[in-house]
Protein chains: 2
Amino acid sequence: MKTQYYTASSLDGFIATTDDSLEWLFPLGDVNQTGYTAFVAQVGALAMGATTYRWMLRHVVKVDTSTPSPWPYEQPTYVFSHRSLPPVTGADIRFVRGDVAPVHEELCAAAGNRNIWLVGGGDLVGQFYDAGLLDEIIVQVGSVTLGSGKPLLPRVILHPELSLLQARALSSGFAELHYAVNKVQPEAG
Amino acid sequence: MKTQYYTASSLDGFIATTDDSLEWLFPLGDVNQTGYTAFVAQVGALAMGATTYRWMLRHVVKVDTSTPSPWPYEQPTYVFSHRSLPPVTGADIRFVRGDVAPVHEELCAAAGNRNIWLVGGGDLVGQFYDAGLLDEIIVQVGSVTLGSGKPLLPRVILHPELSLLQARALSSGFAELHYAVNKVQPEAG
């Protein structure tokens, strides 16, 4: 079981515009032309931040319309939020707050033998990284630059660096970069 | 002949730290394991900004030491600077300022049938992009995040987007992403 950050980013390292829009992403290609279907089949539980969840309520579930869509995931989804947020009927959504470490234990139990998908945003994933709980990063690099926006992963990861496992072109609109996160070794006694 | 931005970037889109350091880059691998040798053989002329030039004076030529190294390029190098900067003995360095378009004509004449390498920084390359004079972007994506720093290309490139030509892993420390820049089409009459 691995804890994976799977996301799309612009070439200049932004996952959303400053006002949290993902509109830049959709013209670049069909998600079914990516490795998404194979990826999500191996996911046993998801975690996301409040901004990501609210974006999904508006743009995926479309809660404000007369014909809302179902929540797209069967797997348990853990939503980190300090505020009370509305659930989605029929979806297994579990609201949590505070330190990521105890929630990660719950995620592991929920995921079973499958992987944990950290959906985002970047700062939530950074908290898993800080706690030594992030195993892999898989980025769909879109063929655009945004110039500003919400950062992919607002951390300094230099020592040790990431290890590139695979780089591939998915289409003219996307490259996929797949990294292993190397754990910081404890200092020798 | 193509005008190419060839550079290294962190995964989160920075080409240098906030204080213009490239120290993060060198532990990631040997430049000879990349496509650099094949790339530079096709270069007929280079252009760079003043910050990049001053960095090279200090860290490549090592002008402040008793045994400075030679300038690494035989090709004519155009340096954009508003200030007077020292030349390098024996090197074909041409100081220029102002709009990039007339300098691009000089670069084309100097490059002959070979390509023009825009070394950086990002804002100078952005000026070539703004003028419709940038043909390709080739990024060596290092397996690190910097969290902040000098941006790869401080522009919004969305309509039209870039076209990914190739993505490949060079080592665990570098991926290479190669893009064509699509020109903005004039509005139909």
Side-chain angles (χ1 to χ4, degrees), chain A residues 5 7 9-15 17-18 21 23-29 122-123 125-126 129 137-182, chain B residues 5 7 9-15 17-18 21 23-29 122-123 125-126 129 137-182:
Chain A
Y5 180 26
T7 193
S9 162
S10 65
L11 174 60
D12 54 345
F14 300 107
I15 57 174
T17 57
T18 306
S21 171
E23 291 302 309
W24 61 273
L25 186 57
F26 305 116
L28 293 177
D123 190 68
V125 176
Y129 171 77
I137 300 171
I138 305 165
V139 188
Q140 323 288 307
V141 182
S143 302
V144 302
T145 64
L146 296 176
S148 63
K150 299 300 171 75
L152 172 67
L153 187 52
R155 291 296 185 280
V156 178
I157 304 180
L158 276 173
H159 309 293
E161 69 268 26
L162 305 169
S163 291
L164 181 67
L165 301 175
Q166 188 184 49
R168 58 178 179 150
L170 300 171
S171 66
S172 68
F174 283 108
E176 183 178 82
L177 302 180
H178 187 166
Y179 297 92
V181 178
N182 297 300
Chain B
Y5 180 28
T7 192
S9 162
S10 66
L11 174 59
D12 55 344
F14 300 107
I15 56 174
T17 57
T18 306
S21 171
E23 290 301 311
W24 62 273
L25 186 55
F26 305 115
L28 293 177
D123 189 68
V125 176
Y129 171 76
I137 300 172
I138 305 165
V139 188
Q140 323 289 306
V141 182
S143 301
V144 301
T145 64
L146 295 176
S148 63
K150 298 300 171 76
L152 172 66
L153 186 54
R155 290 296 185 278
V156 178
I157 304 180
L158 276 174
H159 309 292
E161 69 267 26
L162 305 169
S163 291
L164 181 67
L165 300 175
Q166 187 184 49
R168 58 179 179 149
L170 301 170
S171 65
S172 68
F174 283 109
E176 184 178 81
L177 302 181
H178 187 166
Y179 297 93
V181 178
N182 297 300

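Since the structure is predicted, the reported quantities are computational estimates derived from the model, not experimental observations. Within every chain, numbering begins at 1; the chains are lettered A, B, ... in the order of the sequence lines, protein sequences first and strands thereafter.
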Subject >> Test log, rule side chain to side chain contact (heavy atoms under 4.5 Å, CB included), inputs B:Val156 and A:Val144 >> reply: CA-CA 8 Å; B:Val156 178; A:Val144 302; over 6 Å; no

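With respect to chain B, the highest number of heavy-atom pairs below 4.5 Å among A:Gly122, A:Ser172, A:Gly147, A:Gly13 belongs to A:Ser172. Note on A:Asp12, A:Leu170, A:Leu177: by heavy-atom pairs under 4.5 Å with chain B, the leading option is A:Asp12. Highest contact tally toward chain A, considering only B:Leu28, B:Ile157, B:Leu11, B:Leu165, is held by B:Ile157 [criterion: heavy-atom pairs under 4.5 Å]. Taking chain B as the reference chain and counting heavy-atom pairs below 4.5 Å, the highest number among A:Leu158, A:Val139, A:Val141 is found for A:Leu158. Of the listed residues (A:Leu146, A:Thr145, A:Leu162, A:Leu153), the one with the most heavy-atom contacts under 4.5 Å to chain B is A:Thr145.
A:Ser148 does not touch chain B: none of its heavy atoms, backbone or side chain, sits under 4.5 Å away. Using a 4.5 Å cut-off between heavy atoms, A:Phe174 contacts chain B through its backbone alone, with no side-chain atom that close. Residue B:Ser171 touches chain A through its backbone alone, counting heavy-atom pairs closer than 4.5 Å.
In terms of heavy atoms, A:Ala167 sits closest to B:Ala175 at CB-CB, 4.0 Å. For the residue pair A:Ser143 and B:Tyr179, the shortest heavy atom distance occurs at OG-CE2, 3.4 Å.
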